[in-house]
Amino acid sequence: IKHNVETLIKRCKETGIDVAAVVKLVCGDPIIINEIANSPITTIADSRLENFEKITDINIPKMMLRIPMLSQIDKLVDLTDISLNSEIETIRKISDVASSNGKVHQVILMIDLGDLREGIIDDDVLDRTVAEIIHLKGVNLLGIGANLCCFGGVIPNEENMLKLVRIKHHIEN
Ligand SMILES: *Cc1c(COP(=O)(O)O)cnc(C)c1O
């Protein structure tokens, strides 16, 4: 695993890509995740808060991949630094919990590019969501994301990646 991580990171660095290692397959195994965290990887990602509970003493930014449930927000804010989100109701609650704990949680806003697994579909909803997030005290809009090669099997290509870039410019404007 260590060798693979190092090889992958080296190749990604050459093209300016930062890598988040998805570790859900090892179910929070601290020995393996510690090896990965000691590589030049920037973030550890998992879909389950139960797995993050096993690695609280590994000091590296942690990202929750699965859209968090409203009932899990206290734990989410406690155990992770970044999460993928597409619902303003959830993001509001993350902000409330984070600010009452003196934290700022990082949010990556998901946008649907046709895969239909997760993400905002409607342009107006996107605008309204962004307009609200930037005023919330307990969250920071870290970036936007998209889910591909999953439910609908949509493959990343120049066209859908450019759509994401256009949305990025639109949000920045
Ligand atoms: C893995 C994954 C899930 C499913 O999580 P499980 O813990 O496997 O049930 C959901 N969303 C995303 C983005 C994932 O990567």
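As the structure lists them, so they are numbered: ligands from 1, and atoms in each ligand from 1.
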Below 3.5 Å only, please: the N or O atoms of ligand 1 paired with protein N or O atoms, distance on each line.
{"unit_1": "ligand 1", "atom_1": "5 (O)", "unit_2": "S47", "atom_2": "OG", "d": "3.2"}
{"unit_1": "ligand 1", "atom_1": "7 (O)", "unit_2": "S47", "atom_2": "OG", "d": "2.7"}
{"unit_1": "ligand 1", "atom_1": "7 (O)", "unit_2": "R48", "atom_2": "NE", "d": "2.5"}
{"unit_1": "ligand 1", "atom_1": "7 (O)", "unit_2": "R48", "atom_2": "NH2", "d": "3.3"}
{"unit_1": "ligand 1", "atom_1": "7 (O)", "unit_2": "R66", "atom_2": "NH2", "d": "3.1"}
{"unit_1": "ligand 1", "atom_1": "9 (O)", "unit_2": "R48", "atom_2": "NH2", "d": "2.9"}
{"unit_1": "ligand 1", "atom_1": "9 (O)", "unit_2": "R66", "atom_2": "NH2", "d": "3.2"}
{"unit_1": "ligand 1", "atom_1": "11 (N)", "unit_2": "R117", "atom_2": "NH2", "d": "3.2"}
{"unit_1": "ligand 1", "atom_1": "15 (O)", "unit_2": "K24", "atom_2": "NZ", "d": "2.6"}

Salt bridge E159-K163, side-chain N to carboxylate O under 4.0 Å: no
Any side-chain donor near an acceptor of the partner, H105 and S95, under 3.5 Å: no
Partner set under side-chain hydrogen bond (donor to acceptor under 3.5 Å, both in side chains) for D74, not counting sequence neighbours: none
Over 12 foreign heavy atoms within 6.0 Å of CD, E87: no
Flag if over 12 foreign heavy atoms under 6.0 Å of CD1, I1: no
Note: K75-E53 ion pair, threshold 4.0 Å (strictly below): yes
